[in-house]
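Below is one structure, written out as structure tokens; comments come after it.
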Amino acid sequence: MSSQLQAPKGVAEYVPPESEAFLTVREALCEPARNAGYKYVELPIFEDTALFVRGVGESTDVVSKEMYTFDDRGGRSITLRPEGTAGVIRSTIEHSLDRGQLPVKLWYAGPFFRAERPQRGRYRQFFSVGIEAIGGDDPALDAEVIAIANEGFRSLGLRNFRLELTSLGDSNCRPAYRIRLQEFLSRLDLDPETRDRAALNPLRVLDDKRQSVIDQVVDAPLMLDHLCSACSHHFAEVRSYLEVLGIEYSLAPRLVRGLDYYTRTTFEFTHAGLGAQSAIGGGGRYDGLMTTLGGQDLSGIGFGLGVDRTLLAVQSEGIVLPPRNPLAIFIVALGSEAKKRAVLLAGEIRTAGIAVDLSYGDRGLKGAMKAADRSGAHFSIVIGERDLEKDTGELKNMQSGVQETISLATLIATIKARLL
RNA sequence: GUGGGUGUAGCUCAGCAGGUAGAGCGCCGGGUUGUGGUCCCGGAUGUCGCGGGUUCAAGUCCCGUCACUCACCCCA
């Protein structure tokens, strides 16, 4: 056992039957974006380390202690992407996608990597679906992004998720607020570690889960109360659009994101069934990121949704996802001549776009029928030596048990008709 | 990175005054010589996570380690 190879620590693997649910969840999360005009981007899984250091922020936990960074053979520092937004912005600038009509609307899906201590819902390789709308200040765009995430979760049948919303202000009003908050925090009795955090990213202290800290920050000044008029107006517009859309949310003035680039509208979707790692998706506006990465001064907004966690949420609510690609028919051949006919038939049926499987090996009829049953096929067809002369088979509806003799020559047409 | 819990068949778990392993489900076969899902009968599979220690004897006690898990932290 000690020599048994196993997957690296902290990675999630999806194998049948769970892997089918994983695909369903991932597609459900992508679908609303495609319906809203977002175009697909396929980006590298590793990037120049400097992209994340500059984009995500050197002081963030993600960059300072959670990245998989290594030197490639040319001595370049490479990092496995810990999030998606920085890469999308880099690619947008590199390919001048922002030189045409705005906003540029993009979506992506794939694996991301963070070297954290694994636990339920937190993996070292995890899967996200994300979108970015670049080059638009319109509050309606903020609402659209939130609505797309909401629709993804809703379409899976999820009910026990919440949307938390706030505004983090911008370069105009946040610095002043930050100083005000730091002054407040400096008067509190905090441990050294928290004190350091207060100096580096004071907002983060408001999000502390320890009761001793929570008690001390109840009266802390909140960003929402100190927004400049432009930010305040923008946030009010976003809220009014959400109301029009009928999307419920709760204001979370203490909501903080761990990535430095967020400004203004910021949100998080959480689910109660996951334990401590409750965020199933999150995102927000990042009005300065593009210039930070060397592009023109365009704002943007986007989200990242956790496929792994959304799957956990689906499971925790006991939602049964519909099967994917159910087999239309399962062929049972008796004898070597019948087997040849069955193999040929299966190829023809697949070419016609119909899902079919067949019994392999030397199983008896009983065992083969059992396999047909397990396969979930709508129909089974038994082809034995005695049927071969007439080129017929015994077609059975697996649900009703009704069986009839039908011609193999017209099998495809028969199946199509029966499946309607 | 810090602390707590767990680790026995493919899965869920039982076994503990220390005496070299069991159940249910699943899987395979038979009852039904060409028919599944119910029922009945039978069968296969474990270096009891790994390494070391105590003991005549360790799945059971001790230590270490790895993995999983929960919380802190952080976030998807």
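Here is the naming used below: chain letters follow the sequence lines, and residue numbers restart at 1 for every chain. Quick caveat: nothing in here was measured; it's all calculated off a predicted structure.
Across the protein-nucleic acid pair, A/R204 atom CZ and B/rC74 atom C1' stand 8 Å apart, rounded to whole Å. What separates CZ of A/F330 from C1' of B/rU35 is a distance of 13 Å, to the nearest Å. Separating the CG atom of A/L190 from the P atom of B/rC73 is a distance of 13 Å, rounded to the nearest angstrom. Atom NZ in A/K370 sits about 12 Å away from atom C1' in B/rU38, given to the nearest Å. Between the NZ atom of A/K9 and the C1' atom of B/rU65 there is a distance of 12 Å, rounded to whole Å. In this structure, A/F153 places its CZ atom 11 Å from P of B/rA76, rounding to the nearest Å. Atom CE of A/M398 is separated from atom P of B/rU38 by 12 Å (rounded to the nearest Å). Rounded to whole Å, the distance from CD1 on A/I280 to P on B/rA76 is 12 Å.
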Let me check something: any side-chain donor-acceptor pairs from residues 327-340 of chain A under 3.5 Å, sequence neighbours excluded? List them with distances.
none

Throw together a table of side-chain donor-acceptor distances under 3.5 angstrom for residues 364-376 of chain A, partners on residues two or more places apart or in other chains.
residue: A/S375; atom: OG; partner: A/A372; partner atom: O; Å: 2.7
residue: A/S375; atom: OG; partner: A/A377; partner atom: N; Å: 3.2

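RNA chain B is contacted by both A/G393 and A/Q399; A/G393 maps to the nucleotide lying nearer its 5′ end (nearest heavy atom per residue). Comparing A/R374 and A/Q403 by the nucleotide of RNA chain B that holds the closest heavy atom to each, the one mapping nearer the 5' end is A/R374.
As rounded to the nearest Å, B/rA57 and B/rA17 have C1' atoms that lie 14 Å from one another. B/rC74 and B/rC11 have their P atoms separated by 36 Å, given to the nearest Å. Straight-line distance between the P atoms of B/rG51 and B/rA58: roughly 14 Å, to the nearest whole Å. Annotation: B/rU69 and B/rG64 have their P atoms spaced 22 Å apart (nearest Å). Using C1' as the reference atom, B/rG36 and B/rU12 are 26 Å apart when rounded to the nearest Å. Comparing B/rA67 with B/rG42, their P atoms are spaced 43 Å from each other, to the whole Å. When the C1' atom is compared between B/rG15 and B/rC48, the two are found 10 Å apart, to the nearest whole Å. If you take atom C1' in B/rC63 and the same atom in B/rG26, they sit 38 Å apart, rounded to whole Å.
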Between the protein and nucleotides 43-45 of chain B, which nitrogen or oxygen pairs are less than 3.5 angstrom apart?
none

Using a cutoff of under 3.5 Å, can you pull out all pairs of nitrogen or oxygen atoms linking the protein to nucleotides 1-6 of chain B, with atom names and distances?
residue: B/rU2; atom: O4; partner: A/R117; partner atom: NH1; Å: 2.6
residue: B/rG3; atom: O6; partner: A/R117; partner atom: NH2; Å: 3.4

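Using a 4.0 Å heavy-atom distance criterion, A/D208 is classed as a sugar-phosphate-only contact. Using a 4.0 Å heavy-atom criterion, one finds that A/G10 contacts the sugar-phosphate atoms exclusively. At the heavy-atom level, A/G401 lies under 4.0 Å from base atoms of the strands shown. Counting non-hydrogen atoms under 4.0 angstrom, A/Q125 reaches nothing in the nucleic acid. Here A/L365 lies in heavy-atom contact (under 4.0 Å) with a base. Across all strands, A/R309 comes closer than 4.0 Å to base atoms (heavy-atom distances). Residue A/E394 is in base contact, counting any heavy-atom pair closer than 4.0 Å across all strands shown. A/E83 comes within 4.0 angstrom of nothing in the nucleic acid, heavy atoms only. Among the heavy atoms of the strands lying under 4.0 Å from A/Y123 is at least one base atom, whether or not backbone atoms are also near. Base contact: A/G121 has a heavy atom under 4.0 Å from a base atom. Nucleic acid contact for A/R124: none, since no nucleic acid atom lies under 4.0 Å from a heavy atom of the residue.
The salt bridge (Lys or Arg N to Asp or Glu O under 4.0 Å) check on A/R162 picks up A/E164, with sequence neighbours excluded. Remark: A/F153 engages A/F161, A/F269 in a ring-ring contact (aromatic ring centres under 6.0 Å, His included) (not counting sequence neighbours). Scored by the salt bridge (Lys or Arg N to Asp or Glu O under 4.0 Å) test, A/E66 finds no partners at all (sequence neighbours excluded). The side chain to side chain donor-acceptor pair (under 3.5 Å) check on A/E394 picks up A/Q403, A/T405, with sequence neighbours excluded. In this structure A/Y68 satisfies the side chain to side chain donor-acceptor pair (under 3.5 Å) test with no other residue, sequence neighbours excluded. Scanning for ring-ring contact (aromatic ring centres under 6.0 Å, His included) contacts around A/Y241 gives an empty result, with sequence neighbours left out. When the ring-ring contact (aromatic ring centres under 6.0 Å, His included) test is applied to A/Y38, no partner is found at least two apart in sequence or on another chain.
Side chains of A/D137 and A/H234: no donor on one and acceptor on the other come within 3.5 Å. Between the side chains of A/T85 and A/E132, at least one donor-acceptor pair of N or O atoms lies under 3.5 Å. Between the side chains of A/E20 and A/Y14, not a single donor N or O lies within less than 3.5 Å of an accepting N or O. Side-chain contact of A/R174 with A/T263: a donor-acceptor pair under 3.5 Å is absent, judged by distance alone.
Between B/rU35 and A/K396, no contact under 4.0 Å exists linking OP1 or OP2 to a side-chain N or O. Neither OP1 nor OP2 of B/rC74 sits under 4.0 Å from any side-chain N or O of A/R114. Between A/R363 and B/rU35, a side-chain N or O to OP1/OP2 separation shorter than 4.0 Å is absent. Taking side-chain N and O atoms only, A/R197 has no distance below 4.0 Å to OP1 or OP2 of B/rC73.
Classified by interplanar angle (parallel below 30°, tilted 30° to 60°, perpendicular above 60°), the ring pair A/F22/A/F127 is perpendicular.
Residues A/F46 and A/F70 place their aromatic rings such that the two centres sit no closer than 6.0 Å.
Paired regions of RNA chain B, where each region holds three or more successive Watson-Crick or G-U pairs whose two hydrogen-bonding distances fall under 3.5 Å, are B:1-7 with B:66-72, B:10-13 with B:22-25, B:27-31 with B:39-43, B:49-53 with B:61-65.
Residue side chain A/D373 does not reach the base of B/rG37 through any donor-acceptor N/O pair under 3.5 Å, judged by distance alone. For B/rG31, the base has a donor-acceptor partner in the side chain of A/K366 [N/O atoms by modelled type, under 3.5 angstrom].
In the set B/rC74, B/rU35, B/rA76, the nucleotide with an atom closest to the side chain of A/M369 is B/rU35.
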